[in-house]
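First listed ligand is number 1; within each ligand, the first listed atom is number 1. Worth saying up front: this structure is predicted, and the values here are computed from it rather than measured.
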Amino acid sequence: MRFCVAIDGPAASGKGTIARALARHFGFGHLDTGLLYRATGRRVLDGLTPVEAARALRPEDLSRDDLRTAEVGQAASRVAAVPEVRSALLDFQRAFAARDGGAVLDGRDIGTVICPDAEVKLFVTASDEIRARRRMEELAAASQIIAFDDMLADLRARDRRDAGRATAPMRAADDAVTLDTTEMDIATATDAAVAQVAQALTRR
Ligand code: DC
């Protein structure tokens, strides 16, 4: 069975947590597409050009343990604006979306470019301040201490670049359901997403 759940939204909106919870709940595969751009950005920081880095990407690069830093997030956002980088990463994502047994992909252009025919499309958002607070706490848990104002500026710069680029900008697909998690805890946000997917499954 092919069944694609497309989840988009800005950094630290909760989309990754929701995507993982959906995959677990329904037994679908999960691809965090941000990791592809982070791994590419990481290799650019190591000296490759963006296009070389994207074309040379191997599955094991995605499990590097140094991809979740703010520095790599910014490098990812910069390489993600290069059209040849995006096209080098397209086939892998589309193949994952079409896998047998169902797939959840989260990113910025899943509902608009990678899986425009996805059975469920969610656009997950939250206020800038709550996203900065969440990301700051996440990084602090990994011993990376960043001040709130710096975190806020970092997220806003990244969102501006991601939403403003010419190729596959971050935006909600016209048929996406928006989930604003500003006032929601994880369980409430996940329940809302599970309900959307369950409803789509009964329509098949
Ligand atoms: O989801 P994330 O914060 O790990 O993503 C890192 C960067 O990668 C993000 O700032 C923009 C880019 N990205 C993208 O352009 N398209 C995607 N589908 C996923 C991520």
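- Of all protein heavy atoms, the one closest to atom 12 (C) of ligand 1 is A80 CB, 3.7 Å.
- Side-chain atoms of T188 and D185 include a donor-acceptor pair closer than 3.5 Å.
- Judged by distance alone, the side chains of R86 and T167 never bring a donor and an acceptor atom under 3.5 Å apart.
- Ranking the protein heavy atoms by distance from atom 1 (O) of ligand 1 puts R108 NH1, 2.9 Å first.
- For the side-chain hydrogen bond (donor to acceptor under 3.5 Å, both in side chains) test with D106, the passing option among H30, R20, K15 is H30; the others fail.
- Remark: ligand 1 atoms within the under-4.0 Å shell around heavy atoms of K15 are 1 (O).
- Heavy-atom proximity to A76, at under 4.0 Å, picks out these atoms of ligand 1: 6 (C), 7 (C), 8 (O).
- Between the side chains of R24 and T190, no donor N or O sits under 3.5 Å from an acceptor N or O.
- Considering backbone and side-chain N/O of R38, one or more are found under 3.5 Å from N/O of ligand 1.
- The side-chain heavy atoms of T33 and I114, taken from C-beta on, include no pair separated by under 4.5 Å.
- At a threshold of 4.0 Å, the pair R58-D61 counts as salt-bridged, since one of the basic side-chain nitrogens sits closer than that to a carboxylate oxygen.
- For R68, the heavy-atom gap to ligand 1 stays at 4.0 angstrom or more.
- Scanning the protein heavy atoms around atom 13 (N) of ligand 1, the nearest turns out to be Y37 CD1, 3.6 Å.
- In this structure, M170 falls outside the shell of residues with a heavy atom less than 4.0 angstrom from ligand 1.
- Looking at R86, Q93, R135, Q74 and measuring to atom 15 (O) of ligand 1, the nearest heavy atom belongs to R86.
- With no hydrogens or angles considered, no side-chain donor-acceptor pair links R68 and Q144 at under 3.5 Å.
- Atoms of ligand 1 found under 4.0 Å from any heavy atom of G107, numbered from 1 in the order shown, are 17 (C), 18 (N), 19 (C).
- Considering backbone and side-chain atoms alike, D106 places every N or O at 3.5 Å or more from each N or O of ligand 1.
- On a distance-only criterion, R158 and ligand 1 share at least one N/O pair closer than 3.5 Å.
- The pair R2-D117 does not meet the salt-bridge criterion, since no charged nitrogen lies less than 4.0 angstrom from a carboxylate oxygen.
- Here the heavy atom of the protein found nearest to atom 19 (C) of ligand 1 is T33 OG1, 3.4 Å.
- Nearest heavy-atom pair, P10 versus R131, reported as atom, atom and distance to 0.1 Å: CB-NH1, 3.5 Å.
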